[in-house]
Amino acid sequence: MGAKLVPLLSRKGCYRLALALGALMSVLDRHGRKVALSNLEVAFGDRFSQREREQIARESFQNFARTMLIFVEPAFNGRKFFHLH
């Protein structure tokens, strides 16, 4: 499905897809989410509320999804998200 969908999307569309997939995975991957929340609590103690830790964990999943699409999307479309000089 992804191999057919990603080439049809603009860069902005890929970004939005990654946000949605990351948010979804932060809910579906219960073990990974639990680990992320536990790590945040150990690392930062009471600095962040439970709600803030949940937001940070969700954003981490979204960042991972964006990173994966950055590497996969150009293979489908021949486009580059960034140039190394």
Side-chain angles (χ1 to χ4, degrees):
M1 180 177 143
K4 293 184 181 191
L5 176 64
V6 173
L8 302 174
L9 298 175
S10 65
R11 185 174 294 161
K12 191 174 190 178
C14 284
Y15 177 81
R16 288 181 177 163
L17 175 64
L19 289 181
L21 290 175
L24 180 63
M25 287 309 300
S26 75
V27 173
L28 296 179
D29 182 5
R30 292 180 184 178
H31 176 73
R33 183 170 193 240
K34 188 175 181 178
V35 169
L37 293 173
S38 176
N39 287 344
L40 288 166
E41 187 172 4
V42 169
F44 297 105
D46 293 337
R47 180 175 175 191
F48 298 109
S49 69
Q50 180 65 24
R51 185 178 182 146
E52 289 171 317
R53 286 193 298 267
E54 289 171 0
Q55 179 180 349
I56 292 167
R58 182 182 63 252
E59 289 172 355
S60 177
F61 276 88
Q62 290 172 319
N63 186 55
F64 180 77
R66 280 195 310 267
T67 301
M68 291 301 99
L69 278 183
I70 284 172
F71 290 112
V72 171
E73 192 274 342
F76 292 120
N77 289 335
R79 295 183 298 193
K80 294 184 180 179
F81 275 78
F82 55 88
H83 299 280
L84 299 176
H85 294 92

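Everything quoted here is computed from the prediction, not taken from an experiment.
Within the structure, the side-chain hydrogen bond (donor to acceptor under 3.5 Å, both in side chains) test picks out the following pairs touching residues 59-70 (sequence neighbours left out): Gln55-Glu59, Asn63-Arg66. Pairs passing the side-chain hydrogen bond (donor to acceptor under 3.5 Å, both in side chains) check and including a residue from residues 16-33, sequence neighbours excluded, do not occur. Residues in residues 32-56 take part in these ring pair (Phe, Tyr, Trp, His ring centres under 6.0 Å) pairs, two or more places apart or across chains: Phe44-Phe48.
Here CG of Leu24 is found 10.5 Å from CZ of Phe61. Values are rounded to the nearest 0.5 Å.
The minimum heavy-atom distance linking Leu37 with Ala57 is given by the pair CD2-CB, 4.0 Å. Contact between Cys14 and Leu69 at its shortest, heavy atoms only, is O-CD1, 3.3 Å. Across Ala65 and Ala18, no two heavy atoms sit closer than the pair CB-O, 3.3 Å.
Contacts of Asn39 classified as side-chain hydrogen bond (donor to acceptor under 3.5 Å, both in side chains), with partners at least two apart in sequence or in another chain: none. Legend: residues meeting side-chain hydrogen bond (donor to acceptor under 3.5 Å, both in side chains) with Arg53, ordered by chain and number and at least two apart, are Gln50. By the side-chain hydrogen bond (donor to acceptor under 3.5 Å, both in side chains) test, Glu52 is found to be paired with Ser49, residues two or more places apart in sequence or in another chain being considered.
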